[in-house]
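Below you'll find the structure, written out as structure tokens, and then a few comments.
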Amino acid sequence: VLCTLPPPFLFVFFITFFTFSATVVGIFIAALYPVPSAALDFLGMYSLYNLYIWTMAFVYAPLKNSSNDTSENYGVMEFGGELRGPSMIGDIASQEEIDDMQL
């Protein structure tokens, strides 16, 4: 299943898996204890979390060439002459779902 994922999704999967694994290891070596005993453990674990948060913010940031016009329907694309919007899992939404999304 992992081999069929596009590279951006593989990157997100592996960085999340690495952060989760480091958290489990940090729990077992007591680096995530509420009162840190070693400054290096504290610095390393929380630096890892900050790096993960900044990476996710970069990955999920909007594209630079996206439209800044807020009067248009956000997330609605033209597909085959009809206006279609993405549904939750990446499928093309029906026209009724698009009408429900509009304000």
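Fair warning: this is a prediction, and the values are worked out from it, not measured in the lab. One-based numbering along the sequence shown.
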Practice prompt. Any chance you could measure Thr55, atom OG1, to Leu48, atom CG, to the nearest 0.5 Å?
Written response: 9.5 Å
Fill in: Residue pair Tyr46 / Phe42, side-chain heavy-atom distance below 4.5 Å
yes
Worksheet entry | Distance, nearest 0.5 Å, that separates CD1 of Ile15 from OH of Tyr52 | 8.0 Å
Discussion item. Applying a strict under-4.5 Å side-chain criterion to I, L, V, M, F, W and Y, I'd like to know whether Ile27 and Tyr49 cluster together.
Written reply: yes
Worksheet item: Is the Phe14-Phe18 ring centre distance short of 6.0 angstrom?
Response: no
Practice prompt. Any chance you could measure Met56, atom CE, to Thr19, atom OG1, to the nearest 0.5 Å?
Written response: 7.5 Å
Item to complete: Take Phe20 and Val24 through the side-chain contact (heavy atoms from CB on, under 4.5 Å) test and state the conclusion after the steps.
Response: CA-CA 6 Å; Phe20 179 74; Val24 170; 4.0 Å; yes
Practice prompt. Report yes or no: do Ile53 and Tyr60 belong to one cluster of Ile/Leu/Val/Met/Phe/Trp/Tyr joined by side chain heavy-atom distances under 4.5 Å?
Written response: yes
